[in-house]
Amino acid sequence: MELMNWKDICCNDEYRGQWIALDNARYDQVSGRATDGAVLDSDFDLVALCDRIKRAKCKNCAILLCGRDSIPPQASA
């Protein structure tokens, strides 16, 4: 899976407004916000997404809501 920048994920029409499951997520040391990761799965329904992730036995993924408001201020410039 390809690592993607969180800003690029949030600006992508395919993912906007959905819950995103990220594998190998990296975080900003100061804000604690995701900076990038590999998209495992996405869904508008958080419960459905979590169900699929659980069935796939993924243990170390981050699940984040994707939207323009999700982009950290320093990454939106």
Side-chain angles (χ1 to χ4, degrees):
M1 283 180 279
E2 176 186 346
L3 285 180
M4 293 179 67
N5 180 285
W6 182 243
K7 178 184 174 189
D8 293 338
I9 294 169
C10 289
C11 291
N12 185 322
D13 288 336
E14 179 181 350
Y15 298 121
R16 193 173 303 123
Q18 295 190 56
W19 290 95
I20 307 295
L22 289 180
D23 192 25
N24 295 321
R26 289 189 252 184
Y27 299 89
D28 178 78
Q29 297 267 338
V30 176
S31 69
R33 289 177 165 234
T35 57
D36 54 37
V39 177
L40 286 174
D41 198 354
S42 64
D43 203 306
F44 289 104
D45 183 340
L46 178 59
V47 174
L49 176 63
C50 289
D51 232 16
R52 288 194 305 275
I53 296 300
K54 183 178 178 181
R55 283 194 311 266
K57 298 185 179 178
C58 295
K59 300 288 185 193
N60 294 315
C61 66
I63 298 179
L64 305 162
L65 183 60
C66 180
R68 291 208 181 269
D69 294 343
S70 306
I71 303 170
Q74 69 272 15
S76 63

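Reckoned from all heavy atoms, side chains included, excluding hydrogens, waters and symmetry mates.
In this structure, the side chain to side chain contact (heavy atoms under 4.5 Å, CB included) partners of Asn24, at least two apart in sequence or on a different chain, are Leu3. Ser42 meets the side-chain hydrogen bond (donor to acceptor under 3.5 Å, both in side chains) test with Gln18; sequence neighbours excluded. When the salt bridge (charged side-chain N to carboxylate O under 4.0 Å, His left out) test is applied to Asp8, no partner is found at least two apart in sequence or on another chain. The side chain to side chain contact (heavy atoms under 4.5 Å, CB included) search around Ala48 returns Asp43, Asp45, Arg52, not counting sequence neighbours. Partners of Arg26 under the salt bridge (charged side-chain N to carboxylate O under 4.0 Å, His left out) rule, at least two apart in sequence or in another chain, are Asp36.
Of all heavy-atom pairs between Phe44 and Trp19, the closest is O-CD1, 3.7 Å. Between Cys61 and Leu40, the shortest heavy-atom distance links the atoms CB-CD1, 3.7 Å. Closest of all the heavy-atom pairs between Ile9 and Tyr15 is O-CB, 3.7 Å. Between Cys66 and Ile20 the shortest heavy-atom distance is CB-CG1, 3.5 Å. Closest of all the heavy-atom pairs between Tyr27 and Gly32 is CD2-O, 3.4 Å.
Going from atom CH2 of Trp6 over to atom CG of Leu64 covers 4.5 Å, rounded to the nearest 0.5 Å. Remark: Asn5 CG to Asn12 CG distance equals 12.0 Å, nearest 0.5 Å.
Evaluation of the side chain to side chain donor-acceptor pair (under 3.5 Å) test over residues 57-67, restricted to residues two or more places apart or in two chains, returns none.
Just one residue in the list Val47, Ile53, Leu46 forms a side-chain contact (heavy atoms from CB on, under 4.5 Å) with Cys50, and that residue is Leu46.
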Test Asp13 against Arg16 for salt bridge (Lys or Arg N to Asp or Glu O under 4.0 Å), laying out the working first. CA-CA 5 Å; Asp13 288 336; Arg16 193 173 303 123; 2.6 Å; yes
